[in-house]
J.: 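Dumping the structure here so I can ask a few things about it.
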2 protein chains.
Amino acid sequence: MDIEAALKRCPLFSGLEDREITEIEAISASKRYPKGTSIFSEDQEAKGFFVVISGRVKIYKLSPEGKEQILHIISPGQTFAEAALFDGSTYPAFAESLAETRVLYFPKESFVNLIRKNPQMSLNMIASLSHWLREFVSLVEELSLKDVSARLSQYLMDLSAQSGRSSERGIEFKLDISKSQLASQLGTISETLSRALRKLRDRRIIEVEGKKITILQKDALEEISLGIPL
Amino acid sequence: MDIEAALKRCPLFSGLEDREITEIEAISASKRYPKGTSIFSEDQEAKGFFVVISGRVKIYKLSPEGKEQILHIISPGQTFAEAALFDGSTYPAFAESLAETRVLYFPKESFVNLIRKNPQMSLNMIASLSHWLREFVSLVEELSLKDVSARLSQYLMDLSAQSGRSSERGIEFKLDISKSQLASQLGTISETLSRALRKLRDRRIIEVEGKKITILQKDALEEISLGIPL
DNA sequence: CGCCACATTGAAGGCAGTCAAAGGTGGTGG
DNA sequence: CCACCACCTTTGACTGCCTTCAATGTGGCG
């Protein structure tokens with residue numbers, strides 16, 4: 001993955017001149033993290049923010065007992081920890097690479113200056129933060145108002161819409177993370193996720209083969225995702 | 001409550017000239033909602049955003065079965081629905097007045113123009129969104145990783161820090177919303193909240209008299225809020 | 001081939017939600 | 001001023017979803 005290509009398809013930098021992109025690149029530092037490396041920890045001082053070039057990063061919280069709640073998984077071209085630069089002085093969660101990952105790192109000071117000088121970037125930042133906010137509203141809604149089956153169904157619907165391809169049996173796609181990580185993202189644990197998947201399988205709504213999922217009854221899955229009782 | 005006073009202590013407009021404040025006021029419309037009035041509904045087209053002048057507004061989600069999750073309660077001087085203007089075209093939740101409420105309403109188009117022209121306001125908006133984001137991270141953490149007692153204790157600690165006064169028995173303050181609304185904000189229902197309060201009372205950690213709370217053992221309350229088992 | 005992390009399944013227990021009923025409170029109109 | 005009513009709050013009994021604990025299965029990789 002090329003650095004400039006990643007920057008250009010990053011919403012935060014869209015609508016900028018090549019000249020400006022070059023300027024932006026100039027204040028950044030490239031960093032590399034092997035799989036499973038901590039990028040920053042909760043409450044650590046927020047000295048900069050990140051753009052993922054390749055690999056993937058999970059942003060998560062931990063309970064005192066060690067249960068993990070994934071807030072978001074960041075893919076190439078996406079940014080993270082922007083908000084930490086503008087409110088408070090620490091990162092609000094943990095960040096860890098899920099695979100070998102390359103990022104661009106932007107030190108707080110120079111990036112804030114850049115934004116001050118560049119109205120277009122301000123607007124992009126507002127759009128980006130607004131989008132994050134909407135995602136968090138969804139997450140809160142799901143955690144508070146829906147059961148695990150509904151959350152799982154929603155996730156499967158979303159993933160199928162974005163990476164599914166129809167086969168003769170239904171819509172087919174692969175989970176892009178391990179099932180225990182998926183459990184963390186859905187606010188539950190792997191045992192419960194396993195049982196929820198099995199229930200959907202037993203009712204012939206989906207098929208599961210390792211990471212491969214086939215949606216057999218899209219309508220039924222959607223109903224469950226909306227929280228309509230079984 | 002005076003309109004100009006409310007605008008001036010609104011973080012979104014801080015650092016602006018009086019001239020600019022006047023300009024801002026010019027594009028807004030004043031609206032009044034009796035207690036319990038819907039201001040907008042989920043999925044309704046987002047045509048503007050709001051500043052609360054007086055009264056209070058709850059932003060909330062509803063489950064299909066009618067359970068309510070309050071996302072935030074907005075007090076005078078605070079804004080809401082800004083993010084809806086910059087991502088997607090609909091409001092992501094419901095808004096309803098908790099008391100007789102006056103707001104300033106800013107139509108989307110003219111407000112977006114204002115922001116485009118005013119870099120300081122862009123920065124304020126970024127700060128404001130970043131702050132919201134941090135609050136939502138906390139909410140997700142609490143809902144997913146903490147039990148009702150911990151969430152309640154956290155809430156009481158926060159409220160006591162902001163409006164408590166020490167008496168001879170402990171730190172005293174009043175709940176600023178009804179207990180059923182508090183339950184909704186904590187992601188539970190009034191029966192469960194009632195039992196959680198009773199448990200704290202039985203253990204002589206707090207005293208409860210209607211809306212009046214006295215914290216007798218701050219240390220114990222803090223431990224519970226951190227999720228340390230009883 | 002054997003290890004190790006991931007995944008699945010079963011049994012048991014707990015926290016919180018549901019249902020139902022009784023007590024309390026504030027506001028309104030007679 | 002008081003009585004009534006609507007709404008909020010509390011309590012009890014019960015249910016159920018999810019977690020915990022424990023054990024077994026499985027697949028990829030050195």
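First the proteins, then the strands, lettered A, B, ... as listed; each starts at 1.
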J.: Which pairs count as side-chain hydrogen bond (donor to acceptor under 3.5 Å, both in side chains) when at least one residue sits in residues 71-90 of chain B, sequence neighbours excluded?
T.: A/His131-B/Asp87, A/Arg134-B/Asp87, B/His72-B/Glu135, B/Thr79-B/Glu82, B/Glu82-B/Ser128

J.: Test: side-chain hydrogen bond (donor to acceptor under 3.5 Å, both in side chains). Region: residues 205-216 of chain B. Which pairs qualify, not counting sequence neighbours?
T.: B/Arg169-B/Glu207

J.: Is the phosphate of D/dT9, meaning OP1 or OP2, less than 4.0 Å from a side-chain N or O of B/Ser180?
T.: yes

J.: For B/Arg195, enumerate each residue passing the salt bridge (charged side-chain N to carboxylate O under 4.0 Å, His left out) test, keeping only those at least two apart in sequence or located in another chain.
T.: none

J.: What does the list of N/O pairs under 3.5 Å between the protein and nucleotides 27-30 of chain D look like, with a distance for each?
T.:
none

J.: Below 3.5 Å between N/O atoms, which protein atoms pair up with nucleotides 9-12 of chain C? Just atom names and distances, please.
T.:
from, atom 1, to, atom 2, distance (Å)
C/dT9, OP1, A/Arg198, NE, 3.3
C/dT9, OP2, A/Arg198, NE, 3.0
C/dG10, N7, A/Arg195, NH1, 3.0
C/dG10, O6, A/Arg195, NH2, 3.3

J.: Taking salt bridge (charged side-chain N to carboxylate O under 4.0 Å, His left out) as the test, write out the residues that go with B/Arg201, two or more places apart.
T.: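 Per chain and number, B/Arg201 pairs via salt bridge (charged side-chain N to carboxylate O under 4.0 Å, His left out) with no residue.
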
J.: If the condition is side chain to side chain contact (heavy atoms under 4.5 Å, CB included), which residues does B/Glu142 pass it with, not counting sequence neighbours?
T.: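 For B/Glu142 the side chain to side chain contact (heavy atoms under 4.5 Å, CB included) partners, ignoring immediate neighbours, are B/Lys146, B/Arg151, B/Gln154.
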
J.: Under the ring-ring contact (aromatic ring centres under 6.0 Å, His included) test, which residues partner B/Tyr91, sequence neighbours left out?
T.: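 Only B/Phe40 meet the ring-ring contact (aromatic ring centres under 6.0 Å, His included) criterion with B/Tyr91.
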
J.: Could I get the full list of side chain to side chain contact (heavy atoms under 4.5 Å, CB included) partners for A/Thr37, not counting sequence neighbours?
T.: A/Tyr33, A/Pro34, A/Ser97

J.: Can you list the residues that meet the salt bridge (charged side-chain N to carboxylate O under 4.0 Å, His left out) rule with A/Lys179, with sequence neighbours excluded?
T.: none

J.: Report the relative orientation of the aromatic rings in A/Phe106 and A/Phe49; use parallel for angles under 30°, tilted for 30 to 60°, perpendicular for over 60°.
T.: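 If you compare the ring of A/Phe106 with that of A/Phe49, the planes turn out parallel.
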
J.: Should we count NZ of A/Lys67 as having more than 12 external heavy atoms under 6.0 Å?
T.: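 Counting neighbours around NZ of A/Lys67, more than 12 heavy atoms of other residues, nucleotides or ligands fall under 6.0 Å, so yes.
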
J.: Under 4.0 Å, counting only non-hydrogen atoms across every strand here, what does B/Gly36 touch: a base, just sugar-phosphate, or nothing?
T.: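 Result for B/Gly36 = nothing.
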
J.: Each nucleotide N or O in nucleotides 22-27 of chain C that has a protein N or O under 3.5 Å away: list the pair and distance.
T.:
none

J.: Please report the end-to-end axis angle for the helix from C/dC1-D/dG30 to C/dG30-D/dC1, five pairs per end, rounded to 10 degrees.
T.: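 Helix axis angle between the two ends: 30°.
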
J.: Can you tell me how far CG of B/Leu200 sits from OG of B/Ser149, rounded to the nearest 0.5 angstrom?
T.: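 The OG atom of B/Ser149 sits 6.0 Å away from the CG atom of B/Leu200.
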
